[in-house]
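In what follows, a single structure is set out as structure tokens and then discussed.
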Amino acid sequence: MFEARLVKGSLLKNVLDAIKDLLKQASWDCADSGIQLQAMDSSHVSLVSVNLKAEGFDKYRCDRNLIMGMDLSSMSKILKCAANDDIITMKAQDNADTVTFMFESPNQEKVSDYEMKLMNLDQEHLGIPETQYACVVKMPSAEFARICRDLSNFGESICIACTKEGIKFYAAGDIGTANIKLAQTTSVDKEDAVIIDLQEPVTLTFSCHYLNMFIKATPLSQQVSLSMSPDVPLVVEYTIHDLGHIQYFLAPKIGENDS
Amino acid sequence: MFEARLVKGSLLKNVLDAIKDLLKQASWDCADSGIQLQAMDSSHVSLVSVNLKAEGFDKYRCDRNLIMGMDLSSMSKILKCAANDDIITMKAQDNADTVTFMFESPNQEKVSDYEMKLMNLDQEHLGIPETQYACVVKMPSAEFARICRDLSNFGESICIACTKEGIKFYAAGDIGTANIKLAQTTSVDKEDAVIIDLQEPVTLTFSCHYLNMFIKATPLSQQVSLSMSPDVPLVVEYTIHDLGHIQYFLAPKIGENDS
Amino acid sequence: MFEARLVKGSLLKNVLDAIKDLLKQASWDCADSGIQLQAMDSSHVSLVSVNLKAEGFDKYRCDRNLIMGMDLSSMSKILKCAANDDIITMKAQDNADTVTFMFESPNQEKVSDYEMKLMNLDQEHLGIPETQYACVVKMPSAEFARICRDLSNFGESICIACTKEGIKFYAAGDIGTANIKLAQTTSVDKEDAVIIDLQEPVTLTFSCHYLNMFIKATPLSQQVSLSMSPDVPLVVEYTIHDLGHIQYFLAPKIGENDS
């Protein structure tokens, strides 16, 4: 028996919005410690990793490990039927081939059950090595989203350069060139601060297309963190308050890192 | 001479929004007692009935009975030119072949006249028998609209089952199955109550397509009423505050009522 | 060296929105007194004239006259990257072939530079004769925009008739006829007043298509002024608070002025 109940059900809706355009299908690994999902996007360029801790749920029970393969666009259609203030519960029997999503309205007068078939998906086991990054930037997630969208008008790549002073985003194309500089914030305790933890300066170039997929996670967190080192994938991470996090990995473009 | 003046002109805009997708053309029957419209939708499956009482208008005069055939999409285009706080007056001469819509701004500084040609439409006389229904459910109109929209993602039909305890909506399709239960509210005086008046339990199946047309009347009323009996058409009714009502009739699908 | 800094940068965004659908490319004439743009729309029917006074900028420097030919859709894409509360600065070196747009966030923590190639455009010199108009109407810009949009549903032309009593807009087409009358306001000091300065009554007919282009300037000003005389172009003017104005010129349709 697997059961996970989340009073703030809108978080699960947001998680689906954050991954459904990148992943058509994926397996949720349910264990005693929580729920995990790891998958390459359909064109095998970026990697998505979702981690929802058992303690983050309002009720959590997982009698034996369970791998639930799901069509994420179907799951997303089901979650769209939950109101933003609904309590969401996921349920599955051991060895079942279906999962049930239950939505309860706060006043308990409306209860909806949606049952969906599970799928057998090939499991890719993806080791993500622990890395010490040359540079970790924390910044407001809405600002990062806006910059990715704005620079997409100028070219297919965004070059990110990070120094002690700040972080710079650069793009070039037919219209012209664009250059956005964010200074490191002096007061670091504000939620909209730009905080740079730098071992050495880094300049890397990434595909706009994938960055614009990642920023769909913006509603999950006010802050995003970008971890970068030369020649290793960028990590774009959004924490999900009290519940876990979602991470996106994207390798830099080669030979384009000097502008 | 026919003249009907409505200070809350937005109600007439809402009435048109509620019928214009279902009916391309229709006749308004104007008499001393008020204005009526009855017509089958273009595919002759559902029936729409609008009733606007003379007393509901701020001024009403109808010297002799008048049947005004109108192209409803043209009428709707004209009414879209009225601001939400405009006073709307409909006017026609006896035996005229045009109708005039006059819109007055609340401060009287803007007055608009729109003249539209009338049409000769075949009159279908549709007797709607008075029926004693096995079950009448009153519920918030926004909730009913949401359920119809949500379940349309799962299949082409919605099964409605009503018992003393509550009302259940069910749909099934490729994605999976969906099941929404609303409990009867204990305190019946709230506007968002679910109130069930039951002679006997009923289970009937209806086409999503038509239900989704009917819910365009949602802005007219906070409450909707569903009247059901085995083998007779469902009645979906919205009252129009102080002015009348709009009713939609839809026959149940046969042989699909058991799920 | 040319430099123009505008703390209320959203005004420049609005100016671009007001001209970019009418003009694909245009030259900005920069001089000591300010910036001007004059151009016929792409189909050579209407004329646009923008005037931004040097004093209206928060900093203005223009060492020598400069003509900057720009692709306005590129310029518009760049300005869309400025937040509404950003400070915008335009900069160019003498004889340069690029222009730079700098956007500074109010807290100075984000600074963006966009560089765009300039173009060599054929210069048309357009003399706009000073005219004494038979009739000048000031009215709320939002009301004028609404009337142009509403009447576009009825025909391709709008007839404007102005008398001492008020201003009348008329359109006719397949659906029927539409007639909108605005009375002159008695208290003239309100911002939403309709004020008519009349030498003689005027009735003129204009193309809806172009009027609907002009109303894209509506966000620039709460008031619009319409100047009309028989057989000369209509002037639709929006003042840009403390900065200048934008004018549109459109010749009346011939032989359609009597309805």
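All heavy atoms count here, side chains included; hydrogens, waters and symmetry mates do not. In what follows, chains are A, B, ... by sequence order, proteins preceding strands, each numbered from 1.
Around CD of A:Q222, the count of heavy atoms belonging to other residues, nucleotides or ligands within 6.0 Å does not exceed 12. Under a cut-off of 6.0 angstrom, the local environment of NZ in C:K20 is crowded, with over 12 non-hydrogen atoms contributed by other residues, nucleotides or ligands. Residue-environment remark: CG (C:N120) stays at or below the threshold of 12 foreign heavy atoms within 6.0 Å. A 6.0 Å sphere centred on CG of C:D58 holds more than 12 heavy atoms belonging to other residues, nucleotides or ligands.
For A:R146, the part lying near chain C is the side chain, with the backbone staying farther off; criterion is any non-hydrogen pair under 4.5 Å. Residue A:F169 does not touch chain C at all, counting heavy-atom pairs closer than 4.5 Å.
A 4.5 Å side-chain heavy-atom check between A:L182 and C:E109 finds every atom pair outside the cut-off. Using a 4.5 Å cut-off on side-chain heavy atoms (C-beta onward), A:I147 and C:K110 make contact. With contacts defined as side-chain heavy-atom distances shorter than 4.5 Å, the pair C:F103/A:D150 does not qualify.
When each of A:N179, A:I180, A:T177 is tested with C:Y114 by the rule side-chain contact (heavy atoms from CB on, under 4.5 Å), just one qualifies, namely A:I180.
No other option in C:A83, C:S73, C:S105, C:C81 has as many heavy-atom pairs under 4.5 Å with chain A as C:C81.
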Open item on the list: side-chain contact (heavy atoms from CB on, under 4.5 Å) for A:I175 and C:M75? Distances and angles first, verdict last.
Closed with: CA-CA 8 Å; A:I175 293 180; C:M75 181 178 172; over 6 Å; no
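Put simply, CE on C:M116 and CZ on A:F154 are 9.5 Å apart, with the number rounded to the nearest 0.5 Å. Taking NZ from C:K77 and CG from A:D174, the interatomic distance works out to 9.0 Å, rounded to the nearest 0.5 Å.
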